[in-house]
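Below is one structure, written out as structure tokens; comments come after it.
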Amino acid sequence: MDNLVLEVKNVSAGYFERGYHEVLHNIDFNIKHGEIMGLVGESGTGKTTLTRVILGIIKPQSGQVIHYTKRPQIIFQDAYSSLNPCFNARWAVEEPLKIFGKYNSKERNRRVDQMLERVNLPRECWNMLPSELSGGQRQRVCIASALIRRPHFLIADEPVSALDVTIQAQILNLLRQLRDELDLSYLFISHDLNVVYQLCDRVLVMKDGAIVEQGTVKEVYNNPKHEYTKSLLAASV
Amino acid sequence: MKIIVRLLLTMLLVSFLTFAAFEVVSGDPARTMLGTEATEEQVRALQAEFGLDKPFFERYILWITGCFTGDLGLSYSYRQPVSVLIGSKALVSLWLCLLSFAMIVAVSIPLGLASYKYSGRILDPLRSIVTQICMAVPPFFTGILFSWIFGIGLKLFVPGMSAGFVHLLFGAICIAIPRIAMTVRLLRSTVVSEMNKAYVRTAISRGNDRSAVLRKHVLKNSLVSVVSFLGQTLAELVGATIVVEQVMGIPGLGRFLVTSILHRDYPVIQAIVLILAFWVVLSGVLADLVNHAIDPRLKLSGEGREL
């Protein structure tokens, strides 16, 4: 069982609001080092709840979440509203380092420059506000700010759904390239099966708070076992 | 630069309207001053003294050029330059305004944030009751109350006499109370809606705790609407000062304005209206400038409150 970054063991979880409503039922999977794990399922199946459980915002009712790396990070679908409209790109990327507090401003600047170059944000955009950036550039800023403290595990919650197709491809390439360069593993959430097929190594298919199928992308796509996966694949063609 | 030009144009328009308005209402000031018994010669002599024999536009031009050099004309009832009569009183009112505005800013922003931070089953209804009461009590009532308790009862100041610091301070408190309550409520509700935005979620996921999010992220985004409101408040303060000066016997512009209206002393009224208009326009401009300094988005889009 070595080389894991995350292990989710038989997790059930939900919300308390006038009684307990269970959203996730016996979720069980792991993510290996350097792997990109896809998570597909329609809206309302509990994908976001699962990310919250993984990040420790919600405690599981039963089961366990084990992190083998420190500081998991997350990027969201809507990069525009994810960024504070009052601060420019550099500020957003630098902030986690300021909170971390171990580096002086010269070292912080060096790291920020390096990271902004790594995510291919054009230099003239570095001091721009979110409202001046394009959708793809905003997502690059979000990725840079998530990766600035060098996590090894990143949750990407529908990071490209709001982007048009050419920009989607650029961001997916960037994520793949960053995985190799920075020694990352991803949990990549999407409702777009084509995107998952392009990017991921393995995939989880979720329905009504339970994982109905998991396996390598090729297995699941070529030989779907569960009815739900079949209907998803049929719908995406 | 553009702002200053706009400010000047607004002021010019206001001055013209004021001047024209009194031209329409007034009838003949000389005749009013002298009463029904006056002879034609007396009337004409007085008209010449005040320059009333000249045509309307000439008088307006004279008046407005005078304004730029600080010469606001002669008071009908005191026969003294308006600028001399107004000067010290305007200063008292200005202090009263600034003092209460400083209180509003200094108290309501920390209090607004605190009222967001601390909430609970007992605290929430209590807060809304206190806010409602503070908003509902008009300054003239607190003015009467304070004059009675602190002036006549505790003898901290003498209503109607001086404009000492303590006197002004209590006047300022009366004016500030309802506006503090309004600002606190506005800031709280703005913060509540900002806290639900997605950038707050990101900020927390990047390692901020709740108070850092409030301080670094949310406050800056919330301040724009609060600053606009405060600009409006600064403009409205003059209205409140007029009433409170009257009630607490503070010898400021407001009290002078009321007596001048009673005596139909048009040059004085015109001058005060002009000063008040200038104050209102200036508050708007100040709020805009502060907002531009706080929120970099306004610089790009060039949006902002129209003057």
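Here is how names work: the chains are called A, B, and so on, in the same order as the sequence lines, proteins then strands, and each is numbered from 1. The figures that follow rest on heavy atoms only: side chains count, while hydrogens, waters and symmetry mates do not.
- Within residues 96-114 of chain B, no residue has any heavy atom less than 4.5 Å from a heavy atom of chain A.
- Heavy-atom neighbours of chain B within the stretch residues 143-162 of chain A, taken at a separation under 4.5 angstrom, comprise Ser145(A), Ala146(A).
- Residue pairs meeting the ring-ring contact (aromatic ring centres under 6.0 Å, His included) criterion with at least one member in residues 203-232 of chain B, sequence neighbours excluded, are Trp91(A)-His217(B).
- The shortest side-chain heavy-atom distance between Ile250(B) and His167(B) falls under the 4.5 Å cut-off.
- Side-chain contact check for Arg140(A) and Gln170(A): at least one donor-acceptor pair (N or O, by modelled atom type) lies under 3.5 Å.
- Heavy-atom distances place both the backbone and the side chain of Ile74(A) under 4.5 Å from chain B.
- Looking only at atom types and distance, the side chain of Glu95(A) has a donor-acceptor partner in the side chain of Asn208(B) under 3.5 Å away.
- Looking at Asp183(A) and His33(A), their side chains do bring a donor and an acceptor atom within 3.5 Å of each other.
- The closest side-chain heavy-atom distance from Phe16(A) to Gln61(A) is below 4.5 Å.
- For the residue pair Ser131(A) and Tyr80(A), no side-chain donor N or O sits within less than 3.5 Å of a side-chain acceptor on the partner.
- The side-chain heavy atoms of Tyr199(B) and Glu194(B), taken from C-beta on, include a pair separated by under 4.5 Å.
- Qualifying side chain to side chain contact (heavy atoms under 4.5 Å, CB included) partners for Ile36(A), counting only residues two or more places apart in sequence or in other chains: Arg179(A), Tyr186(A), Phe188(A), Leu199(A), Cys200(A), Asp201(A).
- Annotation: maximal heavy-atom pairing with chain A below 4.5 Å, among Val218(B), Asn221(B), Asp295(B), Val200(B), occurs at Asn221(B).
- A donor-acceptor contact under 3.5 angstrom links the side chains of Asn30(A) and Arg202(A), judged on distance only.
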